Amino acid sequence: MAARKSAARKAPEPAKCEPCKGTGEVPRTVRVGRKQRVVGQQAGICLACLGTGEATD
């Protein structure tokens, strides 16, 4: 009789980073002028996961 092969198991997916929700980017407010008024937002790298999107333990 031939030996049975067990089904290959997938590695569990790493948990997503909370601050960026797994995207690796977070919105950063852009301020301009002496009064520092808000003019919009731009994408910034997530400092919790350094842009990978995976939560660190």
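Fair warning: this is a prediction, and the values are worked out from it, not measured in the lab.
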Side-chain donor-acceptor pairs under 3.5 Å in residues 22-32, sequence neighbours left out?
residue : atom : partner : partner atom : Å
Thr23   : OG1  : Cys20   : O            : 2.9
Thr23   : OG1  : Glu25   : N            : 3.3
Thr23   : OG1  : Glu25   : O            : 3.1
Arg31   : NH1  : Gln36   : O            : 3.4

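- Heavy-atom contacts from other residues, nucleotides or ligands closer than 6.0 Å to CD of Gln41 number more than 12.
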Quiz: residues 43-51 side-chain donor-acceptor pairs under 3.5 angstrom, not counting sequence neighbours:
none

